[in-house]
There are 2 protein chains.
Amino acid sequence: MEIYKQEKRQHYLEQHSISHLFSFPIEEFMEVREYKRDEWIIREGMRPDYLYYVIEGKAKIYVTYQNGKISLINFINAHDYIGEMELLHEVYYTKGIQASTKTICFAIPLHQCRKRLLEDTTFLRELTRFLSMKATKMAEKYSQSLSFPLENRLADFILQTADGEVYKEKHVSVCDFLGVSYRHLLHVLVQFCDKGYLQKEGRIYRIQQTDELHRLADVLKNDSF
Amino acid sequence: MEIYKQEKRQHYLEQHSISHLFSFPIEEFMEVREYKRDEWIIREGMRPDYLYYVIEGKAKIYVTYQNGKISLINFINAHDYIGEMELLHEVYYTKGIQASTKTICFAIPLHQCRKRLLEDTTFLRELTRFLSMKATKMAEKYSQSLSFPLENRLADFILQTADGEVYKEKHVSVCDFLGVSYRHLLHVLVQFCDKGYLQKEGRIYRIQQTDELHRLADVLKNDSF
DNA sequence: CCCGAAATATGAGATATCTCATATTATTGT
DNA sequence: ACAATAATATGAGATATCTCATATTTCGGG
């Protein structure tokens, strides 16, 4: 992890200002940090001393179960908070958060700001919105995952993560995220190719029939937002 | 739906006071309402004019998918909010909420209180806590549901809903909630009986080996709180 | 008190998904 | 450049779960 100083720090504070999300001058307290790919931003079980706000990059939330199985729970993207659970709750089992690309974030020290944050209407209103979205998205995902076979969830995932007409996520991450076995993911991908929805080109997949994928993915939409 | 007046209203306002959750006198605006079993508190797609706080009873959140399938998403219990999404977001597709027992709740009129609620630190902090819990619980459920077979989730569900050593939830609701077919739920229940974890007595199941059920259920615990 | 709807129950065959075994191909550290 | 590790690939058999068909029982409304 690298902490930006001087001009570099200034640059990010100005380019990605979040002062409007607070009613007190937060910037003077904030650190600007960069985490490298695969670096742990928060280690599972270790209570963080900072509240983070991601301004660039992607990270993953993991949890380890008693049987040793590790699950990817969700992605974290730009404009997400990290560590808000620990700010709000005295007792909380901290989940592991790992950068999956270079990730730049603001780090707000809790020992200095905790009290003020919890009394700041602007911040609380903002955080409440963020959390309500998160709760709803999770609820949606939950009922989706229970109600539909991989075919539908994968179609949705492909459309969400494709770069133009190119899909190239790592299978290992995907089957983890979608909660299916590697074998089965491959199986369904082959089906998609057989049906002509996708075309495999070496290591990437090219989307051939967006409409068909949409037909599968739309089944699990209910337009909450 | 019945609106309590006079002494009855006063009684509930006093017995279940929530004035400490607000920094302005909210009670004068609040209605006290009773919904009967199966009555809709909020109809899917209809934006509610009130923020509700449940003080007694149980309700269910439903969503209808494009293919017509209706899914039970979650339960609502005493001390939960209803309608907070609509308070926080201008644009939001409202889910259906149906009372599953007689349900008594406070109803706060948004046209009168919206502005003050969104500027009330005490309320916002409280709501933020509530939502963060909700988000985390959903995230947990999500990864659980994906990672483990019904056996584990059912064991957990039985322990959570059992009254003493008696389990007597309706199969139809349960398989809906756990997202499995009726047939399969029965199948696993029979297994539990065969293994001696449960004993069927007419229409109820008596828990015989709590420890064995715990062993199954504990696999999906990670002690977040 | 009777009827129809809802809930419970069970069997049998189909599908979705998992586990394990094994091979080939990238990627990465030294 | 090489070895180790991770990612990709594929087959085959085992399980978990679903769908459909059909019977019986419970329960609320007229």
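The figures here come from the full heavy-atom set of this structure, side chains too, leaving out hydrogens, waters and symmetry mates.
The distance between atom CG of A:L178 and atom P of C:dC18, rounded to the nearest whole Å, is 11 Å. Taking atom CG on A:L150 and atom C1' on D:dC18, their separation rounds to 16 Å, with Å as the unit. Separating the CG atom of A:L185 from the C1' atom of C:dC18 is a distance of 13 Å, rounded to the nearest angstrom. Atom CZ in A:F148 sits about 13 Å away from atom P in C:dT17, given to the nearest Å. Note: CG (B:D176) to C1' (D:dT17) measures 16 Å, nearest angstrom. Look at CD1 on A:I204: it is 16 Å from C1' on C:dA26, rounded to the nearest Å. Straight-line distance from the NE2 atom of B:H184 to the C1' atom of C:dA12: 16 Å, rounded to whole Å. The distance between atom CD of A:E151 and atom P of D:dC18, rounded to the nearest whole Å, is 16 Å.
The side chain of B:H187 has D:dT17 as its nearest neighbour among C:dT8, C:dT17, D:dT17. In the set C:dA7, C:dC20, C:dT10, C:dT10 carries the atom at the smallest distance from any side-chain atom of B:R183. With C:dC20, D:dT8, C:dA12 as the candidates, the nucleotide lying closest to the side chain of A:Y182 is D:dT8. Of the candidate nucleotides C:dT17, D:dA9, D:dT17, D:dA9 has the atom lying nearest to any side-chain atom of A:L186. Residue B:S181 has its side chain nearest to D:dC18 when only D:dA16, D:dC18, C:dA16 are considered.
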**Message:** What verdict does the salt bridge (Lys or Arg N to Asp or Glu O under 4.0 Å) test give for A:E151 and A:K195, after you've listed the backbone C-alpha separation in whole Å, the side-chain angles of each residue and the deciding distance to 0.1 Å?
**Reply:** CA-CA 12 Å; A:E151 187 177 46; A:K195 289 178 184 166; 3.1 Å; yes
**Check against side chain to side chain donor-acceptor pair (under 3.5 Å), B:T94 and B:E86** = CA-CA 7 Å; B:T94 300; B:E86 291 80 2; 3.0 Å; yes
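Going from atom CD1 of B:I82 over to atom CD1 of B:I42 covers 6.0 Å, rounded to the nearest 0.5 Å.
When side chains are defined from C-beta on, B:F130 counts as touching B:D80, because their heavy atoms get closer than 4.5 Å.
Distances shorter than 4.0 Å separate none of the side-chain N or O atoms of A:K170 from OP1 or OP2 on D:dA6.
Both A:R203 and A:V188 lie near DNA chain C, and the one whose nearest nucleotide falls closer to the 5' end is A:V188.
In this structure, B:H171 reaches the sugar-phosphate backbone alone: every heavy-atom distance under 4.0 Å involves primed, P, OP1 or OP2 atoms, never a base.
Between A:Q10 and A:Y4, the side chains place no donor N or O within less than 3.5 Å of an acceptor N or O (distance only, hydrogens not considered).
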